[in-house]
S.K.: 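Below is one structure. I have some questions about it.
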Amino acid sequence: MHGMNPDDHPLLQGLNAQQRAAVTTSVGPVLVLAGPGSGKTRVLTHRVAWMLGELQIPPWHILAVTFTNKAAREMRHRLEHLLGDESARALTLGTFHATCARILRREADRLGLSSSYSIFDTDDQLAVMKQVVGEMGLDEKRYRPHALLNAVSSAKNELIRATDYPIRTYHDEIVARVYEQYQEVLRRNGGLDFDDLLMETAMLFQSEPSVLTYYRERFEHVLVDEFQDTNMAQYVILRLLAREHRSLYVVADEDQSIYSWRGADYRNISRLRQDFPELQEFLLEQNYRSTQVILDGAQAVIARNADRTPKRLFTTRRGGTPIVLREAYDEREEADYVAKEIGRLLRTGYAPGDIAIMYRTNAQSRALEESLIRYNIPYRLIGATRFYARKEIKDVLAYLRVIQNPDDDVSFSRIVNVPPRGIGRRTLALLSEEAQRERSSLSRALLSLTAQGGLTGRTSRSLTAFAVMLQNWIRLREELSVVQLIDQVLADTGYESYTRDGSEQGEARWENILALRAVVAESPLIQLSDFLEDVALVADVDMLSDEVDAVTLLTLHSAKGLEYPIVFLTGLEEGVLPHSRSMESPSQVAEERRLLYVGMTRAKERLVLTYAFRRGWRAYGDGEPSVPSRFLEDIPDEVLSRPAGSASFSRPRWKAQSWGRAPGSSGRKRAKAVQRYRAGQRVHHAYYGDGIVIESALEGRDEMVTVLFGNGVGVKTLVSSMAPMEPLPDH
DNA sequence: ACTTAACGGGAATAA
DNA sequence: CCCGTTAAGT
């Protein structure tokens, strides 16, 4: 610093002018608006390092909120590296949910909650909601637990309590009562759901000035990544914390807001400007990730969204390989193309870890997996059956949860008869009655019944045996580590022989349990409560290890914040992206567009877009051919390359013939059909192979071709403009 | 009284 | 395809 050129400051190495300005600015409310690949997280990390190293702010006064646990871990590593000391250790760094969970554990008594409260995940929430709907005598068809949960979740994200739920219709009335009852059941279980973690923290800050003051002093400086994806509850937490010291540093990109269905609201950016009028704003417009071609394609897609600030993103990586757009016959052929193409890229020197395949819905991964297996390409799947949502893992965790929090009836009901020990529905119902009489939980009712010797009849023996085990575990909890406790539970319940039933899936399930055990063994000193909290709040992307060299399969949502040299985006069809459930509302379609934008901007060097002519699993059957995604129309031809794929694949006037809007929407392009096929003609189909035309007729503006294929395929009727098929020369 | 095997309906994204 | 429900089996 003494006479040193500020550009040589070790904490500013490798940053451009815009980034440096953002990192070194004075303490106060700051908004960094940044495009993809512009070094958002880097700026955030360097800003924290700047505050610690240059401004001499003690680490325990800093709270940094990241979007995933993985991002938090990485930031801590980078900070340790940048600062060369341990000061990053004392920093509070984590996701909103993890941070709130910790605050609430500390303040549990103020909420009338045990500090060993359970965190209820989606499955648990559904179990509670079903119980509520059942108890209230509502018709599950009319009042779908899923829909009710959504309503409750939205209310919580907006900080609306059950008693304040706005009632305009009879349906609202029901929702309000369901909401109230749902909270009642949660509370009896000593549980909080994901939304409660945020809502209760926000409301605690609102209602307890002393608590707010404490955390305000504690977290004098607050920094937030992915601010565009905060919801109202999160915004209120930030606003309250920062109101006094006004040191709030947020990084955002409205074009990457993809979680509105979870209550996220990018208008929080405008709220920030209103609530902190002295806000300093910085723009990061240089993209360091993608080639010009990829950036141009992505920009063209996002530019069509209204209500956004236009940005002038640029990169010095001129040119680049064109974006590949490829039509496939169906999801299987699409997957085969992707796998084959990956095989080719691997032979040119890319590593499997350089490649990601992205899709809108988890269900799409199946076909891709099958092809990758067939082509012997190593891959790993993010999401789908999430590790911690697997039955066997949830079972073990449910045991631990009951041991940790005996009021957790949801977990108790889950494991009381797993492995089967003769405690069926009827017995559980009796136990539930007893619990209601005693106004206590299932496990407490069981323990007191056993203690009184009040059990008779056939089931008494199994119930008593279970009660003895449970009591023993609760006692052992004090003495044993989490690993030892898991081992004890597995041994006592005979879970291994129950799981390993000789089937292949049984072996896989047991391996999953061993994997869980290994995770615990990595932190041998962890407290049970901390372990359960960590496990409840991990995201699938958190478990992405950089050391595994495999192709990554993931949803577009999980892809946020990641980057790969090569990205395949699959299923670019109307109904898939944009998703059919989003097509009624323009704002939801706009979000789908942002989702595509997020996906495209993950790619550094190569981007491949694919769509299928047919997609089997789609609800409207195999009769209806797919329509390419409307978003593809916005990508300029100059950045696209449309490979013929197999030789059979060239289709003249392809665009004019097969492009259109969603079925039913206006603006479908009309193209006069030309008869390309006649009876007796030989054809080649990309998927079905060679065949002979039996009949061909113009129908409306399309040509319907009936073909007899070989190799046992048989007769198929195809739409000429859509089928990946072409006439073969006669000879 | 419980368990298991077979069946039919509804399927986004996720901390 | 994963689920919840139902009917038959122990």
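Convention: sequence-line order gives letters A, B, ...; per-chain numbering from 1. Just so it is clear, the structure is predicted and the values come from calculations on it, not from any experiment.
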S.K.: Consider the side chain of Glu592(A), meaning its heavy atoms from C-beta on, and name the nucleotide among dT4(B), dA12(B), dA15(B) that approaches it most closely.
M.R.: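 Per side-chain heavy atoms of Glu592(A), the pick is dA12(B).
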
S.K.: As a test of reading the structure: which of dT13(B), dG4(C), dA12(B) is closest to the side chain of Ser582(A), going by heavy atoms?
M.R.: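 Within the option list, the nearest is dA12(B).
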
S.K.: Ring-plane angle category for Tyr329(A) and Phe613(A), please: parallel below 30°, perpendicular beyond 60°, tilted otherwise.
M.R.: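 Because their plane-to-plane angle lies in the 30° to 60° range, the rings of Tyr329(A) and Phe613(A) count as tilted.
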
S.K.: Can you tell me how far C1' in dT13(B) sits from the matching atom in dG4(C), rounded to whole Å?
M.R.: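 Between the two C1' atoms, the distance is 24 Å.
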
S.K.: Check Arg102(A) with Asp530(A), please: is the shortest side-chain N to carboxylate O separation under 4.0 Å?
M.R.: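 Here Asp530(A) does not pair with Arg102(A) in a salt bridge, since their nearest N and O are not under 4.0 Å apart.
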
S.K.: Just to verify, what does Asp229(A) make a salt bridge (charged side-chain N to carboxylate O under 4.0 Å, His left out) with, not counting sequence neighbours?
M.R.: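 With sequence neighbours excluded, Asp229(A) shows a salt bridge (charged side-chain N to carboxylate O under 4.0 Å, His left out) to Lys560(A), given in chain and number order.
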
S.K.: Considering residues at least two apart in sequence or located in another chain, which fulfil the ring-ring contact (aromatic ring centres under 6.0 Å, His included) criterion with Phe531(A)?
M.R.: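 Applying ring-ring contact (aromatic ring centres under 6.0 Å, His included) to Phe531(A) gives none.
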
S.K.: If we take the C1' atom in both dA12(B) and dT5(C), what is their distance in whole Å?
M.R.: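 After rounding to an integer number of Å, I get 25 Å for this pair.
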
S.K.: Gln364(A) has an atom CD; how far is it from atom P of dA12(B), in whole Å?
M.R.: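 From Gln364(A) CD to dA12(B) P: 11 Å.
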
S.K.: Both Ser153(A) and Tyr498(A) contact DNA chain B. Taking the nearest nucleotide for each, which residue is further toward the 5' end?
M.R.: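 Between the two, 5'-proximity favours Tyr498(A).
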
S.K.: Once ring-ring contact (aromatic ring centres under 6.0 Å, His included) is applied, do any residues pair with Tyr266(A), and if so which ones, sequence neighbours excluded?
M.R.: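 For Tyr266(A), no residue satisfies ring-ring contact (aromatic ring centres under 6.0 Å, His included) once neighbours in sequence are set aside.
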
S.K.: Are Arg262(A) and dA15(B) close enough that a side-chain N or O sits under 4.0 Å from OP1 or OP2?
M.R.: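 Indeed not, no polar side-chain atom of Arg262(A) lies that close.
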
S.K.: Give one of base, sugar-phosphate or nothing for Thr68(A), where a contact means two heavy atoms less than 4.0 Å apart.
M.R.: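 Since no nucleic acid heavy atom lies under 4.0 Å of Thr68(A), the category is nothing.
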
S.K.: May I ask you to evaluate whether Arg366(A) reaches the phosphate of dA11(B), defined as a side-chain N or O under 4.0 Å from OP1 or OP2?
M.R.: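 False: Arg366(A) side-chain N/O out of range (4.0 Å or more) of dA11(B) OP1/OP2.
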
S.K.: What parts of residues 192-205 of chain A reach DNA chain B, counting only heavy atoms under 4.0 Å away?
M.R.: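 Result for residues 192-205 of chain A: Phe194(A), Asp195(A), sorted by number.
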
S.K.: To the side chain of His557(A), which of dC2(B), dA14(B), dA15(B) is closest?
M.R.: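 In terms of side-chain proximity for His557(A), the closest of dC2(B), dA14(B), dA15(B) is dA14(B).
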
S.K.: Check this for me: does any side-chain nitrogen of one of Arg332(A) and Asp330(A) sit under 4.0 Å from a carboxylate oxygen of the other?
M.R.: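 Salt bridge between Arg332(A) and Asp330(A), a charged N being under 4.0 Å from a carboxylate O: no.
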
S.K.: Looking at dA15(B), dG4(C), dC2(B), which one has an atom nearest to any side-chain atom of Lys130(A)?
M.R.: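 Minimum distance to the Lys130(A) side chain belongs to dG4(C).
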
S.K.: Are Thr555(A) and dA12(B) close enough that a side-chain N or O sits under 4.0 Å from OP1 or OP2?
M.R.: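 False: Thr555(A) side-chain N/O out of range (4.0 Å or more) of dA12(B) OP1/OP2.
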
S.K.: With respect to the side chain of Trp261(A), which nucleotide from dA11(B), dC2(C), dT13(B) is positioned closest?
M.R.: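 Looking only at side-chain atoms, Trp261(A) lies closest to dT13(B).
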
S.K.: With nearest nucleotide decided by heavy atoms, which residue, Gln588(A) or Asp542(A), maps closer to the 5′ end of DNA chain B?
M.R.: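 With Gln588(A) and Asp542(A) compared, the 5'-side residue is Gln588(A).
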
S.K.: Considering every strand and a 4.0 Å limit on heavy-atom distances, what is the contact class for Asp121(A): base, sugar-phosphate, or nothing?
M.R.: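 Nothing, no nucleic acid heavy atom in range.
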
S.K.: Classify the side chain of Arg360(A) versus the base of dA12(B) as yes if they form a donor-acceptor pair under 3.5 Å and no if they do not.
M.R.: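 By the distance-only test, yes, there is a pair.
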
S.K.: His97(A) side chain: which of dA14(B), dA15(B), dC2(B) is closest?
M.R.: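 Per side-chain heavy atoms of His97(A), the pick is dA15(B).
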
S.K.: When you measure from the side chain of His579(A), which nucleotide among dA14(B), dA12(B), dA1(B) comes out closest?
M.R.: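 Within the option list, the nearest is dA12(B).
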
S.K.: Looking at Asn362(A), does any N or O in its side chain come under 4.0 Å of the phosphate oxygens OP1/OP2 on dA11(B)?
M.R.: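 False: Asn362(A) side-chain N/O out of range (4.0 Å or more) of dA11(B) OP1/OP2.
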
S.K.: Pairs in or reaching into residues 131-158 of chain A: which pass ring-ring contact (aromatic ring centres under 6.0 Å, His included), with residues at least two apart or in two chains?
M.R.: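 Qualifying pairs, neighbours excluded: Tyr143(A)-His171(A).
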
S.K.: Can you sort out the partners of Phe67(A) under ring-ring contact (aromatic ring centres under 6.0 Å, His included), two or more places apart, ordered by chain and number?
M.R.: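 In terms of ring-ring contact (aromatic ring centres under 6.0 Å, His included), with neighbours along the sequence ignored, Phe67(A) is linked to Tyr259(A).
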
